[in-house]
Amino acid sequence: MAYTLSETYRAYCTHWEERIRAFIEKIERREKIEEIEMAPEKGALHGLPFAVKDNIAVKGFSLSCGSKLLQELRSPYTATAVQKLEDAEAWVLGKTNLDEFGMGSSTDNSGIQRTNNPWDPSRVAGGSSGGSAAAVAAGLVPFALGSDTGGSVRQPASFCGVLGLKPTYGAVSRYGLVAYASSLESIGILADTAARCRAVFAAIRGKDPLDQTSQDAPAAAPPLYGVAKSPKVIGVLSAESIARSLSAAAEGIEGNAGTRETAVHAALLETEVRHGFELAKERLAALGHRLVDVEIPSLKYGVPAYYTIATAEASANLARFDGVRYGRRPPWTENPEDLIDKTREAGFGPEVKLRILLGTFVLRSGFQDRYYLRAQRIRVGIRQSFEELLGDAGYTHAPSPACDAILMPVFPTRAFGRGDAGATLSPFAQKAADLYTCCANLAGLPALAFPVSLAEGLPVGVQLLGRAFSEGVLLDMVEAYEQTYPFPHPAGYKAFWP
Ligand code: GLN
């Protein structure tokens, strides 16, 4: 089978034509690129092609952020994470589609195009890094970069049946990532195997003078390579326990009962996802790990806290898109204010406008206490609950942590369809369903999503959350899992790389 840039999935916003052609020629000349390009002595990434979400800067490439407003923009510089991969002699093939500015769970919020799921092109690829996930799942690249603010790497990874790593906050430089909600987001990795994911993370992590929030792992943190492969204690945060506390919380909230019910309902796992979660538990136990049930009652406030903080930060971060310095401008305007209004009116899609409005609402003068500061307090509570189970980020806690990792669902459903095909999810339900992913962002912790099963031809994923800077532990567990239970691929998949 030949390597082709399939049009079916529409994973790329823009791609590098000559590089893809060169790549195809190489493959055609010999069966596997390893014979020509791969040189193990030069490192695991040498000669590998990769894709980059179109909200991460690569010099000379588009940086559309999935927005009409920035569709013509070409980046004048390269993000640190991409630069480090290029230094390792991996090369960018294209920029991948996303929900506009990373806002969404389907990639259908892109102002540019829809991306289709390689397992079933009538369904979404997940989001917001849907293009990156689809590119890896379809075998266009062995790995891709995405960004995860509230689940945008792990959720599409789970929908497309690939691995998705959201690193510890600050472990990877955000320089060159167009900001959506700066205090929550990390550049993350979508990859075909755990070993690849680890090699990419090893290359891109570390303190960067260009990002003041970036840092190296503390000396006491477990190493990325070579941790003793002993059985681990896995805390299981079941969907049932979360649903119980959610319904209890809903009782005490004022407001529309219908909305509360929808929110609780949207967080419940569909049967196939529940089965996948149970299967993951069985298999991890069979691999020798000890599973214990844990509860984090404050998680029930995760989604409201996440959306309060994320929209507040988004309303500030997106203020720079005014058509003055960059962005598609209207042909004629009355004055500078009119220029800004018309640029934003025509350039931003409805979801982005909604979130800017929400953000300015929660930050408006006199109301910060009620929304934003309250959300920040909830965030601290959630972080503390995780730290009590996993140990703290500074590695100073005296008592030894109760668990090495926490097993959680990723998303309540498998890849959903579009309105026209039925089985879709409303924008509200999509937000309520972020419950399982947004907690890792609120707490700043690493989380690794991986595929466990297929149900009616669609992948189901689960995730392991760990202590800050314990990516090595999570990757070890998933690598061992993968050796016994290899990850599935969609029909027609072929890996052109070792
Ligand atoms: N679904 C989340 C949202 O819409 C994911 C965002 C993200 O991680 N970029 O905010």
Side-chain angles (χ1 to χ4, degrees), residues 52-56 65-67 96-111 115 124-133 144-159 164-167 169 172 174 177-190 263 266-267 302-315 317-318 348-359 362 375 379 409-413 415-416 425-447 449 461 463 465:
V52 180
K53 187 176 181 179
D54 211 16
N55 62 349
I56 301 173
C65 301
S67 182
T96 53
N97 196 23
L98 64 151
D99 287 306
E100 192 172 0
F101 293 102
M103 300 178 182
S105 303
S106 63
T107 305
D108 280 3
N109 289 350
S110 167
T115 291
V124 302
S128 63
S129 312
S132 287
L145 295 183
S147 63
D148 193 311
T149 311
S152 280
V153 162
R154 291 161 285 152
Q155 189 260 22
S158 182
F159 276 20
L165 174 67
K166 180 205 101 64
Y169 183 75
V172 176
R174 281 181 296 114
L177 166 67
V178 177
Y180 155 25
S182 324
S183 78
L184 296 163
E185 62 207 0
S186 308
I187 288 184
I189 302 159
L190 296 115
V303 169
Y306 166 73
Y307 275 96
T308 304
I309 296 168
T311 56
E313 292 185 15
S315 69
N317 276 327
L318 269 59
F348 288 148
E351 184 65 31
V352 174
K353 287 177 184 157
L354 171 73
R355 293 195 191 197
I356 292 174
L357 284 174
L358 264 172
V362 299
R379 176 182 196 168
V410 176
F411 201 76
T413 68
F416 48 87
L425 266 196
S426 74
F428 180 80
Q430 286 181 40
K431 291 185 177 72
D434 284 338
L435 175 65
Y436 304 101
T437 46
C438 71
C439 313
N441 304 78
L442 287 166
L445 299 178
Q463 60 176 335
L465 265 79

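Numbering of ligands and ligand atoms starts at 1, following listing order. This one's a predicted model, so the numbers in the text were calculated from it and none came from an experiment.
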Show me the pairs that pass salt bridge (Lys or Arg N to Asp or Glu O under 4.0 Å) and involve residues 180-189, at least two apart or across chains.
none
Here the pair of heavy atoms bringing K53 nearest to S147 is NZ-OG, 2.8 Å
I'd like to check the side chain to side chain contact (heavy atoms under 4.5 Å, CB included) partners of E100; sequence neighbours left out, ordered by chain and number.
S67, F348, V352
So, for G146 and I56, which heavy atoms are closest and what is the spacing to 0.1 Å?
O-CD1, 3.7 Å
Please report the closest heavy-atom contact between A157 and L190, naming both atoms and the distance.
CB-CD2, 3.8 Å
Can you name the residues that form a side chain to side chain contact (heavy atoms under 4.5 Å, CB included) with A449, not counting sequence neighbours?
R154, V410, Q463
Give the protein residues with at least one non-hydrogen atom closer than 4.0 Å to an atom of ligand 1, ordered by chain and number.
G102, M103, G104, S105, S128, D148, T149, G150, G151, S152, Y180, Y306, Y307, R355, D434
